[in-house]
Amino acid sequence: MKASRSNFKLIALSVLAIIAYGFMIVYTVARDMDDFYTGYDRGSSQAMLENDEIETPLKDVYYLNLKPKAGHRSFPDSIQNLTTNTYTHFRSHYIKAETAFDSGLTQKIIRYQIAQGVVSFLMMILMFWIPILFFRFIASLMNEIIFDHKNIRMLRRLGFIILTFYAGYFIFEWCSLKMNRILFEFENYKIVFSNDAQFIWVVIGIVVLLFAEILSRGNKLKEEQELTI
């Protein structure tokens with residue numbers, strides 16, 4: 001009876017984990033859907049220009065994280081409030097800019113674009129590898145295999161993969177920062193590192209590694225007890 005209740009809890013938590021992970025992926029895709037359509041339109045436009053042999057620079061979309069040069073009390077921009085027919089001052093922290101640059105300037109960022117492509121590919125692999133390891137671990141627990149060297153290695157691998165995923169995200173954002181600083185300079189704003197630091201991945205990775213160490217200690221105590229008996 002206790003085993004069935006334990007299995008039910010594991011199944012319920014596994015289902016919740018699947019739902020949470022699926023929601024995270026769907027939310028990310030839905031949030032960036034406009035960017036997907038923008039990329040598709042750019043690709044179509046590029047193909048048309050190449051077919052027509054037109055050498056017009058193609059506009060690209062850049063994602064900029066900004067901070068006012070004058071400090072947090074500065075509101076350097078203004079926008080019209082149609083309700084009161086007045087102008088409201090504001091500051092921007094994140095913008096999407098569509099513009100085209102000549103080939104001489106874009107040549108300076110090619111190495112960062114290549115690095116982003118490689119990192120994105122590796123992050124995609126890790127994104128699919130994480131749930132595979134997680135559910136293999138859950139399946140092991142459901143078979144009542146807890147203090148086992150295989151589980152410990154699996155959890156450690158999972159923790160390192162999660163931390164590696166964050167490292168990839170950090171490198172991607174760092175490349176974006178370097179590219180944006182090469183291509184842009186504004187009067188009232190400075191370009192800064194992304195505020196969306198995704199530190200939750202670091203926390204999860206450390207917690208998983210900590211849990212792996214707890215299982216390792218428990219496995220050693222289990223082996224010592226068996227030797228004593």
Side-chain angles (χ1 to χ4, degrees), residues 10 13-36 38-39 60-67 72 92-97 109-141 149-184 189-217:
L10 284 173
L13 291 173
S14 300
V15 171
L16 289 176
I18 294 173
I19 294 173
Y21 197 74
F23 175 79
M24 182 178 66
I25 294 176
V26 171
Y27 172 78
T28 302
V29 172
R31 183 189 61 183
D32 299 332
M33 188 61 67
D34 289 343
D35 299 334
F36 171 78
T38 301
D60 204 348
V61 177
Y62 299 88
Y63 304 87
L64 307 172
N65 294 279
L66 307 175
K67 188 175 182 180
H72 67 279
S92 300
H93 291 287
Y94 174 77
I95 63 172
K96 297 180 182 180
I109 65 171
I110 285 181
R111 65 179 183 271
Y112 296 113
Q113 291 175 325
I114 294 174
Q116 281 190 325
V118 173
V119 169
S120 297
F121 177 74
L122 295 176
M123 290 177 67
M124 188 68 66
I125 294 174
L126 295 179
M127 187 175 291
F128 286 101
W129 198 3
I130 289 172
I132 291 174
L133 288 176
F134 175 75
F135 292 117
R136 283 176 59 188
F137 176 72
I138 292 298
S140 181
L141 293 183
H149 290 290
K150 185 178 179 180
N151 284 349
I152 296 169
R153 288 194 300 268
M154 199 182 305
L155 274 183
R156 285 174 175 166
R157 187 178 303 164
L158 180 60
F160 283 120
I161 288 174
I162 292 173
L163 293 177
T164 303
F165 182 86
Y166 173 78
Y169 174 85
F170 186 90
I171 293 171
F172 186 93
E173 291 296 331
W174 181 82
C175 289
S176 295
L177 175 66
K178 299 296 287 187
M179 287 192 297
N180 291 335
R181 286 182 173 176
I182 290 173
L183 298 175
F184 297 93
Y189 290 97
K190 56 184 177 181
I191 301 172
V192 296
F193 195 78
S194 172
N195 292 323
D196 186 18
Q198 300 287 342
F199 284 117
I200 186 64
W201 289 101
V202 178
V203 175
I204 294 174
I206 293 175
V207 169
V208 170
L209 290 175
L210 178 61
F211 188 52
E213 289 305 313
I214 293 173
L215 285 185
S216 179
R217 295 289 180 88

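We use all heavy atoms of the structure for the numbers below, so side chains are in, but hydrogens, waters and symmetry mates are not. If you're wondering where the values come from, they're calculated on a predicted model, not measured in any experiment.
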Relative to each other, are the rings of Phe165 and Trp201 parallel, tilted or perpendicular (30° and 60° limits)? tilted
Is any side-chain heavy atom of Val118 closer than 4.5 Å to a side-chain heavy atom of Leu122? yes
Heavy-atom pair with the smallest gap, counting every atom of Tyr112 and Met179: CB-CG, 3.4 Å
Can you find a pair of side-chain heavy atoms, one from Ser120 and one from Phe172, that are under 4.5 Å apart? yes
What orientation do Phe193 and Phe170 show, parallel under 30°, tilted 30 to 60°, or perpendicular over 60°? tilted
Say you draw a straight line from CG of Leu126 to CZ of Phe121; how long is it, rounded to the nearest 0.5 Å? 10.5 Å
How many angstroms lie between CZ in Arg153 and CG in Leu215, if you round to the nearest 0.5 Å? 13.0 Å
Would you say the side-chain atoms of Ser216 pair up with the backbone N or O of Ala212, donor to acceptor, closer than 3.5 Å? no
Ile161 side, atom CD1; Phe134 side, atom CZ - distance, nearest 0.5 Å: 14.0 Å
Check: Arg136 and Lys150 side chains under 4.5 Å, non-hydrogen atoms: yes
If you measure from CH2 on Trp129 to CZ on Arg157, what distance do you get to the nearest 0.5 Å? 6.0 Å
Where is the tightest heavy-atom contact between Arg181 and Val192, given as atom of each residue plus distance? NH2-CA, 4.1 Å
Just how far is it from atom CG of Leu209 to atom CD1 of Ile204, taken to the nearest 0.5 Å? 12.0 Å
How close do Cys175 and Gln116 get, counting heavy atoms only, and between which atoms? CB-CG, 3.6 Å
How close do Leu155 and Phe211 get, counting heavy atoms only, and between which atoms? CD1-CD2, 3.3 Å
Least distance between heavy atoms, Leu158 atom then Ile130 atom: CD1-O, 3.7 Å
More than 12 foreign heavy atoms under 6.0 Å from CZ of Phe135: is that the case here? yes
CG-CG distance between Asn65 and Leu177, expressed to the nearest 0.5 angstrom: 8.5 Å
Taking C-beta and beyond as the side chain, do Tyr189 and Leu64 meet within less than 4.5 Å on heavy atoms? no
Mind checking whether Leu66 and Ile191 have side chains closer than 4.5 Å, heavy atoms only? yes
